[in-house]
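Shown next, in structure tokens, is the structure this report addresses.
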Amino acid sequence: MKEHLYNYILGIADNSLILGQRMGELCGHGPSLETDIACTNISLDLFGQVRSYFQYAAKLAGDGRTEDDIAMLRKEREYVNVLLAEQPNTNFAYTIGRQFLFDIYHLLYLTELQKSKDLTLSAIAKKCIKEVSYHVRFSSDWVKRLGDGTEESKQKMQEAVDDLWVYTDELFHQTEADKVMITEEVGVDVTKLKEEYYTRVSEILEEAGLNIPESKWFQKGGKQGIHTEHLGYLLADLQYMQRTYPNMEW
Amino acid sequence: MSEEQIMSLEKYFEERIARDEKIEPKDWMPEKYRQTHIRQMSQHAHSEVVGMLPEGNWITRAPSLRRKVALLAKVQDEAGHGLYLYSATETLGVSREELYEQLHTGKAKYSSIFNYPTLTWADIGAIGWLVDGAAIINQVPLCNTSYGPYARAMIRVCKEESFHQRQGYEIMIKLANGTPEQKEMAQDALNRWWWPSLMMLGPTDDKSVHTEQSMKWKLKRKTNDELRQQFIDQTVPQADLIGLKIPDPDLKWNEERGSYDFGGIDWDEFWQVVKGHGPMNKERMKARVGAWERGAWVRDAAMAYAEKKEKRKQAV
């Protein structure tokens, strides 16, 4: 099995999986019917992407594991999503902040992944980019609305951005799988996306009248499977059926 | 307007309906027609939106990625139905805020079926199969109803609902053909959802207060009892096909009528739930009102932002 490629795919897909699960929690509980539909739609897009990635990973594994085994039957330390993706829906500002800080990265990332020498990954990236462009528009618009809306919304949006900011640096950390995949021209060098990322994020935050956090202290660990305490609960839900009723088809 | 003029308008109006012409928002209509439609259409919209809750309850725990994606898409469809049914209701001169207010204060009703809990994954199958199945039977005739915006909305709603119904039945097939545990889960869900689904078709004809007028306005084409019989006759063979047992000891094929005879429905339970005392009435309303209140600052922000943007545009 191409172990590095397999691990590399998990690194991409786990972000969509965990963020999709978070967005799915909101279904039916959003601030308006329109935002409810949009958040559910983003969740749906992300899970669609997850399926493409994990179907490919299952094929590479070649040992009978399915997309669901990979998505739902790993242990907590084996999930390699960034910490940002697993942060909870504290309030709508956190949901939007998390989505925005991820979307800007996601679009830059997929734009590069399209050039991958791995044709499957490149094809998935091309398909996802249309969806993610919409996610960027949705979350950026909401950052502006909340930042430049009322005093209350401004304060809430600022608080969310400040709190989530510490998880942004991790997006640009290279893993072992990254390094190998970059030399094979399959993977994306995320370190090269950093500058453009903070430029774009800062532009939107400024337009929204929000302060750009100055913190130089960042959190990391997700890519090595060392998560925040939030992930365990999310996985308990995600894995519930597969764990309670093992080896069944649904 | 004199009484005589109103009488002649009403006569002309009833003639149009009898000719199967569509009534459009700007057309004259009797006040009672307007009110009846606001009531029924908003009730329908509320049902879609409250209905998102019991199914949304299983999104994070869906057993496979394929099922999760399908469930997300389904609940999203329901939100979409809510949206265009609210829009269609707004054409009758009532705002969405007023309609929400009616829902949140308990003045407006929604389908009682959503006051039952979804306890296992099989409930998601049972809802699709039985609840959407009963909803389609209720709703297909509405594609030809007299009020244009409602009829047009219903054409789209019904297409999506029949897809949901097949999807729900497919979940049940998979469970019924699965392990003993899965089969038991499916049977248990059928046992719990069967009777409430029959109640969805409404009170018996002798107890139904709106039937006669609604028939005239084509808000209804068949009586509650006729619809219920249709639902039973259609669903029993589907249960047989996958080896599940309808939880009704009196259920029996009646050769003479060419229909199934069935046992008595617990109408006390029906009225208890309708009056707000079902297993989940309070939780459902708490969830809706809670989402609305927690979202107030978000909606205020969106409004304030739109106003600022408009002002800036004018200043340029």
**Prompt:** Any donor-acceptor pair under 3.5 Å linking the side chain of B:Lys174 with the backbone of A:Glu249?
**Reply:** no

**Request:** Spell out, as yes or no, whether a donor-acceptor pair under 3.5 Å connects the side chain of B:Arg299 to the backbone of A:Pro31.
**Result:** yes

Which one of [options] has the most heavy-atom pairs closer than 4.5 Å to chain B?
options                             : answer
A:Thr40, A:Leu17, A:Asn91           : A:Thr40
A:Thr244, A:Val50, A:Asn41          : A:Asn41
A:Ser32, A:Gly147, A:Ser43          : A:Ser43
A:Asp148, A:Thr66, A:Ile37, A:Ile96 : A:Asp148

**Prompt:** Pairs in or reaching into residues 61-93 of chain A: which pass ring-ring contact (aromatic ring centres under 6.0 Å, His included), with residues at least two apart or in two chains?
**Reply:** A:Phe92-A:Trp142

**Request:** For residues B:Tyr305 and A:Thr150, determine if any side-chain heavy atom of one lies less than 4.5 Å from a side-chain heavy atom of the other.
**Result:** no

**Prompt:** Considering heavy atoms only, which positions within residues 19-30 of chain A lie below 4.5 Å of chain B?
**Reply:** A:Gln21, A:Gly24, A:Glu25, A:Cys27, A:Gly28, A:His29, A:Gly30

**Item:** Contacts of residues 49-79 of chain B with chain A (heavy atom under 4.5 Å)
**Value:** B:Val49, B:Met52, B:Leu53, B:Trp58, B:Ile59, B:Thr60, B:Arg61, B:Ala62, B:Pro63, B:Ser64, B:Leu65, B:Arg66, B:Arg67, B:Lys68, B:Val69, B:Leu72, B:Ala73, B:Val75, B:Gln76, B:Ala79

**Fill in**
Residues of residues 93-123 of chain B with a heavy atom under 4.5 Å from any heavy atom of chain A, in residue-number order, are B:Arg96, B:Tyr100, B:Trp121

Give a yes or no on whether [X] atom [atom1] has more than 12 heavy-atom contacts from other residues, nucleotides or ligands under 6.0 Å away.
X        : atom1 : result
B:Phe163 : CZ    : no
A:Arg137 : CZ    : no
B:Glu184 : CD    : no
A:Glu229 : CD    : no

Tell me, for [X] versus chain B, whether the close heavy atoms (under 4.5 Å) come from the side chain, the backbone, both or neither.
X        : answer
A:Tyr245 : side chain
A:Asp36  : side chain
A:Lys156 : side chain
A:Ala236 : neither

**Message:** Under a 4.5 Å cutoff for heavy-atom pairs, which residue among B:Gly290, B:Ala301, B:Gly82 has the most contacts with chain A?
**Reply:** B:Ala301

**Complete:** Greatest number of non-hydrogen atom pairs under 4.5 angstrom with chain A, of B:Arg294, B:Lys309, B:Lys308, B:Met303, falls to B:Lys308

**Request:** Apply salt bridge (Lys or Arg N to Asp or Glu O under 4.0 Å) to A:Arg145 and B:Asp300, showing your working.
**Result:** CA-CA 10 Å; A:Arg145 274 188 206 111; B:Asp300 290 347; over 6 Å; no

**Message:** Under the criterion side chain to side chain contact (heavy atoms under 4.5 Å, CB included), I'd like the reasoning laid out for A:Leu146 against B:Trp297: C-alpha separation, chi angles, the key distance, then a yes or no.
**Reply:** CA-CA 9 Å; A:Leu146 298 180; B:Trp297 69 271; 3.8 Å; yes

**Complete:** Okay, B:Met185 and chain A: the region with an atom under 4.5 Å from a heavy atom over there is side chain

